[in-house]
2 protein chains.
Amino acid sequence: MLTSHRRKHILDTLRKTGAIIAKDLSAELNISEDTIRRDLRELAAEGLLQRVHGGAMPSSPAMGNFAARLNVATDEKKIIGRAAAAMIRRGQVVILDGGTTAVQIARHLPSELRATVVTHSPTIAVELVEHPTVEVILIGGKLFKHSVVAVGAPAIENISKIRADTYFMGVTGIQAEAGLTTGDFEEAHVKRALSASAAETIVLASSEKLNAVSPYVIAPLSAVTGMIVSDQVKSKTLAPFSRLGITITRAQRK
Amino acid sequence: MLTSHRRKHILDTLRKTGAIIAKDLSAELNISEDTIRRDLRELAAEGLLQRVHGGAMPSSPAMGNFAARLNVATDEKKIIGRAAAAMIRRGQVVILDGGTTAVQIARHLPSELRATVVTHSPTIAVELVEHPTVEVILIGGKLFKHSVVAVGAPAIENISKIRADTYFMGVTGIQAEAGLTTGDFEEAHVKRALSASAAETIVLASSEKLNAVSPYVIAPLSAVTGMIVSDQVKSKTLAPFSRLGITITRAQRK
DNA sequence: CTCATTCGTGCACAAACATGCAAATTCGTG
DNA sequence: CACGAATTTGCATGTTTGTGCACGAATGAG
């Protein structure tokens, strides 16, 4: 095992899981804890992670405290992200939304996958810089700081010039009558435009979003072609959606 | 076995497996480790791979080391960043380039400053999410991973719709005859467009850039209205520039 | 407070390294 | 083919780097 391999593995694990424990790494890589600690110390010195007692956390210099939110991504979001990433085929053009679940998709893209990712989230763009083969198209506009995505007329105009295969949409609420809803007016507009630019719209529905309603309507459920939910969700809850012809993917815990 | 054959085999293996261990190659090719090491040393000198202890890895310019670059910003870049940030007045619209120096500007913006920042760098955008009062306009386009900035026709079109007060430009080289130069063709185009959209163009010239020349010309020095350099630079070095009517700000170490 | 982990440092040993040199190989030229 | 020059290779040398262990200090949980 090459030293630099080990370091890379540490950083990859950190990006995917959001935290690492020295003892676990030691067991997983068959190497002494001292060496792991040394690695963590030096990676921290390069600013690539932040040390904590017992292990390390991401420092993500480009992500500030938004990083904090990213790393408390629930297991559910990671599972959904992994399932979504697995749906992407070679050569496709996919749209990734802002939001923590979409970040999980980006982190789980297979490293050999040749595809194009369109996104209005600078966070996703920065995340994908490290991916060796994925091409990234960044949608510009006025930055809506709360969600860290570009919005506004310029964003929508640029989106209209794109034809994508699949849009993975994050929402605040998905419910039978109200349809897809979110917490910001501008963001709703952008999501609608993104959906219109994609052949398929797949909603990333972590369980707290199901049957929740937010103030601003993005689109009715007819705009949705698929949903990804975790396998814990009861099929009874999903019945209204599958009745509308929406393909439901139940993401399996590994 | 011919030398060039062996080297080709090394590079092929590297591309295929993503890493190379000197000892393995030695066994596989029935050749001493010394010779392998010599090969690796020379291939590294040609930039075809990156040496690590025990073997080699792909040179992959886009990989990970951008995050590292951000945090090893020299003192010089920090004081240039601080000086640039201090020049921005309330209500102004400023353009921030990609690059490590521009990140320093973003980090030194006074927290009460109400201004608009235009940028084609997702890194800068994410950085400024934490700023309470600055508005951010993100320029989209195809992501150029090496510099982590948006480039291409869509980027330039969007830039043309903006009228900014000041553009803080990062360069790879600034020199009297060649003018402003950088290492990527697309990036040069974008920088030229940004300069055209701003009333003033101020070049961030850390000392290693002064009198350096890179392959792609951004613009002649006539496009420049000001430069920021660190106070260590000799005024003799700057004479050719001030003679052209360029205002030179010498950033003071605190 | 007490106590079990976790950390950091000094140290010893092994692996990987650069360098100089001589033998072996390849190449060019007549 | 012959022969000298240039290159390539392997080995010996001393140096640097990575690893694990020991021990005392620091940290966090109960």
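Only heavy atoms go into these numbers, but all of them, side chains included; no hydrogens, no water, no symmetry mates. Convention: sequence-line order gives letters A, B, ...; per-chain numbering from 1.
- In summary, contact between chain B and DNA chain C, defined as any nucleotide atom under 4.0 Å from a heavy atom of the protein, begins and ends at dA16(C) to dT19(C) in the 5' to 3' direction.
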Provide a list of protein-nucleic acid N or O atom pairs under 3.5 angstrom, restricted to nucleotides 11-18 of chain D.
none

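- The nearest whole Å value for the distance from the NE2 atom in His5(A) to the P atom in dT19(D) is 14 Å.
- For Thr182(A), the side chain to side chain donor-acceptor pair (under 3.5 Å) partners are Thr172(A), not counting sequence neighbours.
- Checked by atom type, the side-chain pair Ser207(A)/Gln232(A) shows no donor-acceptor distance below 3.5 Å.
- Using a 3.5 Å distance cut-off with no hydrogens or angles, the side chains of Glu28(A) and His9(A) do pair a donor with an acceptor.
- Protein atom CD1 of Ile31(B) is 14 Å distant from nucleotide atom C1' of dT7(D), rounded to whole Å.
- Residues that satisfy the side chain to side chain contact (heavy atoms under 4.5 Å, CB included) test with Thr101(A), not counting sequence neighbours, are Lys77(A), Ile80(A), Leu204(A).
- Lys23(A) has no carboxylate O lying under 4.0 Å from a charged side-chain N of Glu33(A), or vice versa, which leaves the two without a salt bridge.
- Put simply, CD1 on Ile36(A) is 16 Å from C1' on dC21(D), counting in whole angstrom units.
- Residues that satisfy the salt bridge (Lys or Arg N to Asp or Glu O under 4.0 Å) test with Asp39(A), not counting sequence neighbours, are Arg6(A), Arg7(A).
- Within the helix from dC1(C)-dG30(D) to dG30(C)-dC1(D), the inter-axis angle between the opening and closing five-pair segments is 50°, rounded to 10°.
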